[in-house]
Engineer: 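First the structure, then my questions, so here it is.
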Amino acid sequence: MREQPVFLRLSIMMFLQFFVWGGWYVTTSAYIPTRGWDEGVIGWAYTVGPIAAIISPLFLGMVADRFFATQKVLGVLHILGAVLLLLAPMIGESSDLFVGLLLGHMLCYMPTLGLTNTLAFHHIQDQEKQFPIIRMFGTLGWIVAVYFASDHSLEVFPFQLAAAAGLILGLYSFSLPHTPPPLAGKAVSLREVLCLDALSLMQVPAFAVFMLASFLICIPLAGYYAFALPFISTHDFQASALNYGQATEVVFMFLMPFFFARLGVKWMLMVGMAAWVLRYLLFSMGADAGTVWMIYGGIALHGICYDFFFVTGQIYVDKAAPTAIRGQAQGFLVLMTQGLGL
C-alpha cells in the first residue's frame, strides 16, 4: 500500500521533468528566425545542451552522491534553471545573450536527467517492471508540453510555459522521498572530484561497448533535434507529425516489462540499436525526395529506438554501477550521449 503513493510521486516528477524540456526545445528553431537572427543561431541554441551535458553532470552527480540529498539538489537546480529560461527571451536582445542564458539553463537542467533516474531507482523495488512505467510519464509530459507550445512556436510563450513547469518541479522536488547521499561523511579525494570512479566502469568490456554505442547513436540525433521541425514545416507534412514518435514511445514504454521478461537487457539493446540504424536509413533515403512514408516511418520508429536503447540503457547503468557511485554513473551516461554524442 505504501508503494503506490511513491510510484505516483515519482511519475509526477518524471512528467514535469520532460515537460520542462519539451516546452521550449522543439519550438526554438522556429522562434529564432522571428528575432531576425540568422540560421547559425539555431545551431548554437541546440549546442548549449550538449556543452552543458559535458560540463556539469559528473560533478553534480558526485555532489549528489556525497554532500546533499538528491531531491534537494534537484529542487535547487530546477528553480534556478526556470529563472534563467524565463529571462532568455525577455532580456536576450542579442543572440549571444540569448544563447548564453540558454546555456545557463541547460547547465542546471542536464544534471537533473541523471538525478531523476537515480532518485527513481532508489525508491522502486523492480527496476525492469516499474521504471519504464514511471519513465512513460516523462514522455507524456513531453507530448503535452509540445501540444501546448506548438501553436505558439513564433512567440515567447513556450519559454514561459517551460519556466513555469520548472519552477513547479523545483518546489515539488523538496517534497519527494528523501534520498540521502550514499557517501556522506567520507573524505573527498581528487579521484572522486574528477569522477574517475564512474570512468573506471569503462574497464568492463560490456559497459564500454554500451557507452561507445550510445555515443555513436547520438551523433546523427543532433541533426534531428535541431532541424526536424523546420524540415516538417517546409515539406508540407502535418505539423503534429513529430508527435507520432512520442506516441509510439508511450506504447513501447508500456510494453517494456513484457519485453524485459522475454528478451533481457542485452537483446533489447541490440533491437534498439538496429532500429536506430533503420530509422536513420529511412531519413537519409527519404529526405531529399520528401518521400512521405519513409519520413513518417522514421518518426514512428522513435518509440522503439528510444525505449529499447536509452531507457533500457539507464536501467543497465544503474545495475552495472556500484551503489556508491550510481549518481556519477548516470551523469556519465548523460555526458556520453546528451553531451559528447550530440
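In what follows, every heavy atom counts, from backbone to side chain, and hydrogens, waters and symmetry copies are set aside. Note that the structure is predicted; figures quoted are calculated from it, not measured.
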Engineer: Can you see whether H123 engages T179 through a side-chain donor-acceptor pair at a distance of less than 3.5 angstrom?
Structural biologist: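 The answer is yes; a qualifying pair exists.
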Engineer: State yes or no: do L101 and L85 share one hydrophobic cluster built from I, L, V, M, F, W and Y residues joined by side-chain heavy-atom distances below 4.5 Å, directly or via other members?
Structural biologist: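 Different clusters.
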Engineer: Supply the atom-to-atom distance L84 CG to I79 CD1, rounded to the nearest 0.5 angstrom.
Structural biologist: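 Reported value, rounded in 0.5 Å steps: 12.5 Å.
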Engineer: Is it true that atom CZ of F157 has more than 12 heavy atoms of other residues, nucleotides or ligands lying nearer than 6.0 Å?
Structural biologist: yes
Engineer: Between P33 and A30, what is the shortest heavy-atom contact and its length?
Structural biologist: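 Closest pair (atom of P33, atom of A30, distance): CD-O, 3.4 Å.
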Engineer: Is it the case that Q71 and S173 place a side-chain donor and acceptor less than 3.5 Å from each other?
Structural biologist: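 Q71 vs S173: no donor-acceptor pair found between side chains.
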Engineer: May I ask whether V277 and F308 are part of the same hydrophobic cluster, defined by side-chain heavy atoms of I, L, V, M, F, W, Y residues being less than 4.5 angstrom apart, directly or through others?
Structural biologist: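 Not linked; separate clusters.
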Engineer: For L77, does its backbone N or O pair with a side-chain atom of Y109 as donor and acceptor, under 3.5 Å?
Structural biologist: no
Engineer: Sub-3.5 Å donor-acceptor pair from the side chain of Y31 to the main-chain atoms of W24, do we have one?
Structural biologist: no
Engineer: Should F210 and F309 be marked as a ring pair (Phe, Tyr, Trp, His ring centres under 6.0 Å) after you check the CA-CA gap, both sets of side-chain angles, and the distance that decides it?
Structural biologist: CA-CA 10 Å; F210 165 72; F309 195 81; 5.7 Å; yes
Engineer: Less than 3.5 Å apart, which donor and acceptor atoms pair up between the side chains of residues 262-269 and the rest of the protein, not counting sequence neighbours?
Structural biologist:
unit_1, atom_1, unit_2, atom_2, d
R262, NH1, F258, O, 3.2

Engineer: Donor-acceptor pair, distance only, cut-off 3.5 Å: does the side chain of T27 make one with the backbone of V146?
Structural biologist: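 Between the backbone of V146 and the side chain of T27 there is no qualifying donor-acceptor contact (under 3.5 Å).
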Engineer: Does F121 reach the side chain of I315, with side-chain heavy atoms less than 4.5 Å apart?
Structural biologist: yes
Engineer: Is R9 close to P177 at the side-chain level, that is, under 4.5 Å between some pair of heavy atoms?
Structural biologist: yes
Engineer: So, the side chain of Y224 versus the backbone of Y280: is there a donor-acceptor pair under 3.5 Å, distance only?
Structural biologist: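 Checking the backbone N and O of Y280 against the side chain of Y224, no donor-acceptor pair under 3.5 Å is found.
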Engineer: Calculate, to the nearest 0.5 Å, the distance between atoms CE and CG belonging to M211 and L340 respectively.
Structural biologist: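 Taking CE in M211 and CG in L340, the distance rounds to 11.0 Å.
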Engineer: Is it true that atom CZ of F174 has more than 12 heavy atoms of other residues, nucleotides or ligands lying nearer than 6.0 Å?
Structural biologist: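 Yes - once you tally the heavy atoms of other residues, nucleotides and ligands closer than 6.0 Å, there are more than 12.
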Engineer: Could you give the distance from CD1 (I51) to CG (L102), rounded to the nearest 0.5 Å?
Structural biologist: 11.5 Å
Engineer: Keeping the roles fixed (side chain from R279, backbone from G298), state whether a donor-acceptor pair exists under 3.5 Å.
Structural biologist: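 Yes; at least one donor-acceptor contact below 3.5 Å.
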Engineer: Kindly give the heavy-atom pair with the smallest separation between T47 and P50, and that separation in Å.
Structural biologist: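 Looking at all heavy atoms of both residues, the closest pair is O-CD, 3.1 Å.
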Engineer: Evaluate side chain to side chain contact (heavy atoms under 4.5 Å, CB included) for M13 paired with L119, printing each intermediate quantity in order.
Structural biologist: CA-CA 10 Å; M13 173 195 73; L119 194 149; 4.1 Å; yes
Engineer: Are L301 and F283 side-chain neighbours, meaning at least one heavy-atom pair lies under 4.5 Å?
Structural biologist: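 A side-chain contact is absent here, since even the closest heavy-atom pair is not under 4.5 Å.
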Engineer: Which atom names give the shortest non-hydrogen contact between W37 and S94, and what distance separates them?
Structural biologist: CZ2-C, 3.7 Å
Engineer: If every non-hydrogen atom of K129 is compared with every non-hydrogen atom of P257, which pair is closest and at what distance?
Structural biologist: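 For K129 and P257, the tightest heavy-atom pair comes out as O-CG, 3.6 Å.
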Engineer: Could you give me the CA-CA distance, side-chain angles and deciding distance for Q246 and T139, then say whether side-chain hydrogen bond (donor to acceptor under 3.5 Å, both in side chains) is met?
Structural biologist: CA-CA 6 Å; Q246 271 66 48; T139 301; over 6 Å; no
Engineer: Using the rule that Ile, Leu, Val, Met, Phe, Trp and Tyr join whenever any side-chain heavy atoms are under 4.5 Å apart, tell me whether L87 and M106 fall into a single cluster.
Structural biologist: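 No, separate clusters.
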Engineer: Check whether the ring centres of W44 and F98 lie less than 6.0 Å apart, and answer yes or no.
Structural biologist: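 No.
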Engineer: Return yes if some donor-acceptor pair links the side-chain N/O of H105 with the main-chain N/O of G81 below 3.5 Å, else return no.
Structural biologist: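 It does hold such a pair.
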Engineer: If we only count heavy atoms from C-beta on, is the L74 to L176 side-chain gap below 4.5 Å?
Structural biologist: yes
Engineer: So, does T248 use its side chain to make a donor-acceptor pair with the main chain of G303 at under 3.5 Å?
Structural biologist: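 At least one qualifying donor-acceptor pair exists.
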Engineer: In Å and rounded to the nearest 0.5 Å, what is the CD1 to OG distance from I42 to S95?
Structural biologist: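 The distance works out to 12.0 Å.
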Engineer: List the steps, then state whether ring pair (Phe, Tyr, Trp, His ring centres under 6.0 Å) holds for F252 with Y306.
Structural biologist: CA-CA 9 Å; F252 280 102; Y306 193 90; over 10 Å; no
Engineer: Please answer: with hydrophobic residues joined when any side-chain heavy atoms are less than 4.5 Å apart, are L167 and V83 in the same cluster?
Structural biologist: no
Engineer: Assess the residue pair T337 and F310 against the criterion (side chain to side chain contact (heavy atoms under 4.5 Å, CB included)); give the C-alpha distance rounded to whole Å, side-chain angles, the decisive distance to 0.1 Å, and a yes or no.
Structural biologist: CA-CA 9 Å; T337 55; F310 285 113; 3.9 Å; yes
Engineer: With the side chain counted from C-beta on, respond yes when L201 and P322 share a heavy-atom pair under 4.5 Å apart, and no when they do not.
Structural biologist: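 Counting from C-beta outward, L201 and P322 do come under 4.5 Å.
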Engineer: Taking all non-hydrogen atoms of both residues into account, name the closest pair between G23 and A145 and its distance.
Structural biologist: N-CB, 3.5 Å
Engineer: How about F15 and V144: do any of their side-chain heavy atoms sit closer than 4.5 Å?
Structural biologist: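 They are in contact (side-chain heavy atoms under 4.5 Å apart), so the answer is yes.
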Engineer: Run the side chain to side chain contact (heavy atoms under 4.5 Å, CB included) test on H302 and Y244 for me, step by step, so that the C-alpha distance in whole Å, both residues' side-chain angles and the decisive distance to 0.1 Å come before the verdict.
Structural biologist: CA-CA 8 Å; H302 178 80; Y244 298 157; over 6 Å; no
Engineer: Are any side-chain N or O atoms of R135 and backbone N or O atoms of Q130, one a donor and one an acceptor, separated by less than 3.5 Å?
Structural biologist: no
Engineer: Would you give the length of the straight line joining atom CD1 of I325 to atom OG of S200, rounded to the nearest 0.5 angstrom?
Structural biologist: 5.5 Å
Engineer: Keeping the roles fixed (side chain from T112, backbone from L115), state whether a donor-acceptor pair exists under 3.5 Å.
Structural biologist: no
Engineer: Counting distance only, does the side-chain N/O of Y46 pair as donor-acceptor with the main-chain N or O of Y25 below 3.5 Å?
Structural biologist: yes
Engineer: Evaluate side chain to side chain contact (heavy atoms under 4.5 Å, CB included) for M136 paired with M256, printing each intermediate quantity in order.
Structural biologist: CA-CA 10 Å; M136 180 182 71; M256 279 185 70; over 6 Å; no
Engineer: Do I295 and L282 have side chains that get closer than 4.5 Å, going by heavy atoms?
Structural biologist: no
Engineer: For A213 and M273, which heavy atoms make the closest approach, and how far apart are they?
Structural biologist: CB-SD, 3.5 Å
Engineer: How about F137 and W142: do any of their side-chain heavy atoms sit closer than 4.5 Å?
Structural biologist: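 Answer no - side chains too far apart.
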Engineer: Is there a chain of hydrophobic side chains (I, L, V, M, F, W, Y, each step under 4.5 Å between heavy atoms) that links L221 to I219?
Structural biologist: yes
Engineer: Rounded to the nearest 0.5 Å, how far apart are CG of L86 and CG of L161?
Structural biologist: 11.5 Å
